[in-house]
Undergrad: 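Please read through the structure below; I'll follow up with questions.
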Amino acid sequence: MAKKNKTVRPKARLPRGLRDVGAHEIRAMSDMLDAIRNVYDIYGFEPLDTPAFEYSDALGKALPDQDRPNAGVFSFEEEDGQWVSLRYDLTAPLARYVSENYDGLAKPFRRYQTGPVWRNEKPGPGRYRQFTQFDADTVGTDNVAADAEICMLAADAIERIGIPRGDYVIKINNRKVLDGVLQTAGIDPVAPENAEQRMTVLRAIDKLDRLGREGVALLLGAGRKDESGDYTKGAELAPEQIAPLLDFVSASDGDLDTILTRLRSLVGDSERGQEGVEELRQIGALLAAAGFEDDRVRIDPAVVRGLDYYTGPVFEAELTFEATGDDGRAVRFGSVGGGGRYDGLVARFKGVVVPATGFSIGVSRLYAALEALGKTNSATATGPVVVLVMDPEHTADYQAMTRDLRTAGIRSEMYVGTSGMKAQMKYADKRHAPCVIIQGDDERAAGEVTIKDLVEGSLLSTKIEDNKEWRESRPAQISVKRDELVEAVKSVLARHNG
RNA sequence: GCCGCCUUAGCUCAGUUGGUUAGAGCGCUAGAUUGUGGAUCUAGAGGUCCUCCGUUCAAUCCGGAGAGGCGGUACCA
């Protein structure tokens, strides 16, 4: 059988890991971003925006994997042979900006920034290749007061968008403390030859909440095989080295002083470790003095963050409530943001150490959480008032009605299609129009317009089964003089917006 | 990257032991109803059965490769 000669049409589809965003989400997201922006503004941070892509080397040096510069990042070559990359976070562009404008900036420089970032990775549940972050950073001071403030800011921002206190927690740890524990275990954390092992240890600890103590122990030792048969190489630590690390990550019980005392003994005489504990103590004291107790911020040694550029305190914002997903299963949202101190990031441009600390909110995931909580506003889902075109000859009249409504600040539109009245009614219904405006020959002759309340009409329809009755009763309609249109529509709208 | 499952209409899915015309429900368009969104009845439109290669007289179905989706795992700046 000869195949029919069909025209090859392009398939309407989006590349994987990308998605379109509809009206409802745009409105809700916009409200959310406004709320966060408001908090950051109140804290004295200044807005900044940078382009979507930068020269690859300006972003790329932060890449842990130098062998494959294209892995994880979207890059393309310009005509002059230089490579540019889409930004994968907002921190690397900030480092570039600060370095480029260093002399003109008031230091410490505090800025906030939001926008999409792109990652060329395999998408997963709730993970996309384009998503939005909202960052706040303080650049140019090593004062732990800056770190403490970042934590307050993160907590306030999350509460402002509608996550109640108790449903989230900002967890704080310090890389230096972990390094101290490593040091007492006989591993020099700053020696370059141990860098890989140190990161493996960090990643293992990062998985504590998912794999438990046993799983982490395996990853710290020889390695671990998961259910799907995939094998993860471990950090090859000896059992006597693993034990103190497990004690360390499990040291989150008790109040601040208890935890600090425990950490102090775990880091032993490691100078770096003691320094880290002292930083945590100061941050904890500042937070407590500002009224941020452990219902909002807490020290948790299991928080490490995957990044290797963090040099001191690290933070993670976690949602602690469970929601029920579409499939009825409980969904934990987990981490919705994170950050920490990165004293080395600007140095790679400037050659001088410019200490910095910051926090990044993953607004896309936060939005999903809000949606699950039912906290996104759906009130704005009401559509416009629709002016029906009963007779195309009088389009100008309908346009005039629409203009009058718009002038009065009422969201409205004249039907701009070419279908008949029934289709226009269906259209208005689908748009969730609160009411439609009808002016046919009868109304025009009387100098009137008919206003049909669709919300009320829909309620009445459930009581009517006979179609003839439904059509003839013309429920929820009123007729008013043409010049009373705006006032009458206002009163209809007022009924439903109560 | 690795492992598993999946891909048939806009959506959810049947089905063909390989054979001429691939179905249902919902949705969509329209008519019954000269000007009324719901309900009811009727009709209509809509398909490269994911793609390519192979086996075959013949492939949506069998074999191989690839793409895409879902889930896990790894990575996550």
Undergrad: Does A:T232 reach a base, just sugar-phosphate, or nothing at all? Heavy atoms under 4.0 Å.
TA: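 Contact class for A:T232: sugar-phosphate only.
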Undergrad: Could you list the residues that satisfy salt bridge (Lys or Arg N to Asp or Glu O under 4.0 Å) with A:K426, not counting sequence neighbours?
TA: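 Listed in chain order: nothing, the list is empty.
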Undergrad: Output a table of donor-acceptor pairs, distance under 3.5 Å, between side-chain atoms of residues 383-396 of chain A and any protein atom two or more places apart or on a different chain; print 'none' if there are none.
TA:
| from | atom 1 | to | atom 2 | distance (Å) |
| --- | --- | --- | --- | --- |
| A:D391 | OD1 | A:E393 | N | 3.0 |
| A:D391 | OD2 | A:H394 | ND1 | 3.2 |
| A:H394 | ND1 | A:R444 | NH2 | 3.4 |
| A:T395 | OG1 | A:P392 | O | 2.7 |

Undergrad: Is any NZ, NE, NH1 or NH2 atom of the basic residue among A:R431 and A:E413 found under 4.0 Å from an Asp or Glu carboxylate oxygen of the other?
TA: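 A salt bridge links A:R431 with A:E413.
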Undergrad: Can I get a per-line list of side-chain donor-acceptor pairs under 3.5 Å for residues 361-368 of chain A, giving both atom names and the distance, sequence neighbours left out?
TA:
| from | atom 1 | to | atom 2 | distance (Å) |
| --- | --- | --- | --- | --- |
| A:S364 | OG | A:T132 | N | 3.1 |
| A:R365 | NH1 | A:S335 | O | 3.0 |
| A:Y367 | OH | A:E371 | OE1 | 3.3 |

Undergrad: Toss me the dot-bracket line for RNA chain B: Watson-Crick and G-U wobble, both under 3.5 Å, 5' to 3', using | for pairs to another strand and [ ] for crossers.
TA: (((((((..((((.....[...)))).(((((.......))))).....(((((..]....))))))))))))....
Undergrad: Name the nucleic acid region contacted by A:L460, choosing base, sugar-phosphate or nothing; use a 4.0 angstrom heavy-atom cut-off, strictly under.
TA: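 It contacts nothing in the nucleic acid.
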Undergrad: Indicate, with a heavy-atom threshold strictly under 4.0 Å, whether A:Q439 touches base, sugar-phosphate, or nothing.
TA: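 A:Q439: no heavy atom of the nucleic acid under 4.0 Å.
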Undergrad: Taking the nucleotide of RNA chain B with the nearest heavy atom to each, does A:D441 or A:K122 sit closer to the 5' end?
TA: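 Between the two, 5'-proximity favours A:D441.
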Undergrad: Counting the atoms with a prime plus P, OP1 and OP2 as sugar-phosphate, which does A:K233 contact under 4.0 Å by heavy atoms, base, sugar-phosphate, or nothing?
TA: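 No contact at all - A:K233 keeps every heavy atom at 4.0 Å or more from the nucleic acid.
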Undergrad: Hey, what are the protein-to-nucleotides 28-30 of chain B N/O distances that come in under 3.5 Å?
TA:
| from | atom 1 | to | atom 2 | distance (Å) |
| --- | --- | --- | --- | --- |
| B:C28 | OP1 | A:K430 | NZ | 3.2 |

Undergrad: Less than 4.0 angstrom between a side-chain N/O of A:R119 and OP1 or OP2 of B:C76, yes or no?
TA: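 For B:C76, OP1/OP2 do not have a side-chain N/O of A:R119 under 4.0 Å.
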Undergrad: Mind checking what makes salt bridge (Lys or Arg N to Asp or Glu O under 4.0 Å) contact with A:R406, not counting sequence neighbours?
TA: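 Listed in chain order: nothing, the list is empty.
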Undergrad: How is A:R210 classified with respect to the nucleic acid when contacts are heavy atoms under 4.0 Å: base, sugar-phosphate, or nothing?
TA: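 The residue A:R210 makes sugar-phosphate contact but no base contact.
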Undergrad: Using a heavy-atom cut-off of under 4.0 Å over every strand shown, decide if A:Q424 touches base, sugar-phosphate, or nothing.
TA: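 It contacts nothing in the nucleic acid.
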